[in-house]
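In listed order, ligands and their atoms are each counted from 1.
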Amino acid sequence: MVSYEHAQRILSALVTTLPAPEVEYVPIHQADGRVLATALHALSPRPEADISAMDGYAFCCADIVDTGQARCTIPLQDYVVAGDQPAPHNKGTAATILTGARLPTGADCIIARERVEVHDGLLHLALSDIAVGKNIRRVGEEFAAGSTLLTASQKLDWRHIALLVSQNIKQVPVYRPCRVGVIASGAEFALSAPDSRAEINTPLLHAMLTRQGATVTSRIVRSDSREDLQAAISELAEHSDILVTTGGISVGQTDNVLPVMEQLGAACLFRRAKIRPGKPFTLMRLGPVPIFCLPGNPGATAMCAQVFVLPFLRSWMEHRPTLALFPTIQGRSSFSFSALSDATGFMPVTYAQSGKEGVFSLVPSQGASDVLCFSRADGIMQVPPGQAIEIGDWCSATLFCSV
Ligand SMILES: Nc1nc2c(c(=O)[nH]1)N[C@H]1C(S)=C(S)[C@@H](COP(=O)(O)OP(=O)(O)OC[C@H]3O[C@@H](n4cnc5c(N)ncnc54)[C@H](O)[C@@H]3O)O[C@H]1N2
Ligand code: MOO
């Protein structure tokens, strides 16, 4: 039986032994949620030229003759819109220019339309409004050609897609998704069972793991037959990078996962963890395939998947050298709680802002077989063995939205 930290170390070491995910190219509009396999650099500066930031009039400050008057006039000549390749600035004149248009070479100031008057083809403006560089987005001021846009292992979303599209990048190199095989076992899921039950864990894991970017194949072994379980494990292990089983890992007469794994020649990396819920969680390896043997109670399945499977999956999918834990958030506890002396406690909690501080609260019904609690929770609070939390204490939790 291993501590939570020891289990993490074993998983961290295990992830380094796995082959790197293969690289494939996908069109940019299919890149949301995929993990970038190489760094990408800017092909051109942004803005790509000096660009107008306003609808207005472009001219060259040096063309304006100071007559000692507060206002001056310039004849209007050209007209430039975004998408034009304008002719060079015509000395002594101003060009009407729209936002986003390329600045004519030689012009160095743009004055906003609402700050001037135009009569009979002449622009009337205040001398005090004139300044070199005004209302111009200079070439490369956002980033220069060759700048690093994104680094490898970045999980892509709309923010990164916008950046890449701005560079006309149409295809991106990404890691292939992790293939996860999920097997739930139990006689109670057969419709023909005298006391048939809903099978919760495969839909739960399917939703959780696909959201993380994996492709999931599920099997439900609707009996406690060792042969059926062995067939399902052998079949999925062939086509999966990671296997997750649920149920049948405790010490009941029909808890077949461990004997079947041993029969198949799987190595046991640890048997049971000092955590609540989820104590029976066992880690195995069949050839190159890590197998997470999760307890069947749906609450324990969900907790172990959040705490162990997701960080492991993330490490593999983002090709990181250690277990990639999710960020935690600090807040005050609105309840008291004592973890067992020999087990790390994990609790679903809500998180709400109260003034300048975040506050964690308990959700109803915290049992290992319970699922209501997760539907009410915002994240998972972790409490080290033997630690007592009092009302008002600072605590930390991982929010589901950051996972
Ligand atoms: N004598 C002992 N009994 C138990 C121990 C122990 O240490 N000694 N550990 C308990 C703990 S902790 C847990 S957690 C459970 C886990 O047992 P299993 O992994 O063997 O799970 P099962 O017995 O197959 O099922 C337990 C429970 O969960 C329900 N279940 C299972 N799979 C699903 C599913 N896919 N969808 C919905 N519900 C599921 C199942 O119907 C049972 O009610 O063992 C304790 N016992
Ligand atoms: O550890 Mo079990 O998951 O508490 O009921």
Side-chain angles (χ1 to χ4, degrees), residues 1-4 6-7 180-209 216-226 228-230 232-233 236 243-262 266 268 270-284 291-309 337-348 362-363 365-375 377 380-383 385:
M1 197 162 188
V2 295
S3 67
Y4 169 56
H6 193 175
V180 186
V182 173
I183 301 169
S185 66
E188 64 273 40
F189 312 125
L191 287 176
S192 57
D195 183 17
S196 175
R197 303 284 172 80
E199 195 281 307
I200 300 170
N201 292 344
T202 58
L204 179 163
L205 289 168
H206 187 278
M208 193 191 284
L209 301 172
V216 178
T217 309
S218 307
R219 296 282 179 272
I220 305 167
V221 180
R222 288 186 180 78
S223 78
D224 285 322
S225 141
R226 287 193 181 190
D228 291 0
L229 186 58
Q230 180 161 342
I233 293 171
L236 285 197
L243 274 192
V244 179
T245 68
T246 81
I249 193 63
S250 193
V251 293
Q253 282 74 0
T254 58
D255 287 342
N256 291 324
V257 169
L258 203 57
V260 164
M261 293 283 185
E262 278 162 358
C268 184
F270 63 77
R271 171 84 178 113
R272 302 199 295 166
K274 293 179 188 170
I275 54 172
R276 289 292 183 288
K279 184 176 63 167
F281 170 43
T282 296
L283 184 66
M284 316 239 1
I291 308 182
F292 293 77
C293 306
L294 309 188
N297 272 326
T301 289
M303 198 61 90
C304 289
Q306 287 280 320
V307 170
F308 295 109
V309 181
F337 173 83
S338 291
L340 295 173
S341 61
D342 63 345
T344 303
F346 293 99
M347 277 175 301
L362 276 181
V363 291
S365 174
Q366 297 261 343
S369 56
D370 299 345
V371 283
L372 178 77
C373 50
F374 285 98
S375 75
I380 294 173
M381 182 189 282
Q382 181 190 328
V383 187

Report task. For residues Val216 and Leu205, determine if any side-chain heavy atom of one lies less than 4.5 Å from a side-chain heavy atom of the other. Result ->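 Side chain of Val216 against side chain of Leu205, heavy atoms only: no contact under 4.5 Å found.
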Query raised in the report: So do the side chains of Asp228 and Ser185 get within less than 4.5 Å of each other, counting heavy atoms only?
Result: no
Report task. Anything under 30° is parallel, anything over 60° is perpendicular, the rest tilted; go ahead and classify Phe281 against Phe270. Result ->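 Rings of Phe281 and Phe270: perpendicular, over 60°.
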Report task. Just do the side chain to side chain contact (heavy atoms under 4.5 Å, CB included) check on Leu283 and Phe292 with the steps written out, would you? Result -> CA-CA 5 Å; Leu283 184 66; Phe292 293 77; 4.1 Å; yes
Query raised in the report: Do you know the tightest heavy-atom contact between Thr301 and Leu294?
Result: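 That would be O-CD1, 3.7 Å.
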**Report entry** Non-hydrogen atoms of Glu199 and Asn201 that approach each other most closely
**Finding:**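 Between these two residues, the closest heavy atoms are OE2-N, 2.9 Å.
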**Report entry** Residue pairs passing the salt bridge (Lys or Arg N to Asp or Glu O under 4.0 Å) test where at least one lies in residues 250-262, sequence neighbours excluded
**Finding:**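 Sorted pair list comes back empty.
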Which N/O atoms of ligand 2 sit under 3.5 Å from a protein N/O, and at what distances?
unit_1, atom_1, unit_2, atom_2, d
ligand 2, 1 (O), Gly278, N, 2.6
ligand 2, 1 (O), Lys279, N, 2.9
ligand 2, 3 (O), Gly278, N, 2.7
ligand 2, 5 (O), Asn297, ND2, 3.4

Query raised in the report: Is a side-chain N or O of Thr282 found less than 3.5 angstrom from the main chain of Pro280, in a donor-acceptor match?
Result: yes
Query raised in the report: Considering residues at least two apart in sequence or located in another chain, which fulfil the salt bridge (Lys or Arg N to Asp or Glu O under 4.0 Å) criterion with Arg219?
Result: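 Scan of Arg219 (salt bridge (Lys or Arg N to Asp or Glu O under 4.0 Å), adjacent residues dropped) gives Glu235.
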Query - Contact residues of ligand 1, where a non-hydrogen atom lies under 4.0 Å away - result: Ala184, Glu188, Phe189, Ala198, Glu199, Ile200, Asn201, Thr246, Gly247, Gly248, Ile249, Ser250, Val251, Asp255, Lys279, Pro280, Pro295, Gly296, Asn297, Pro298
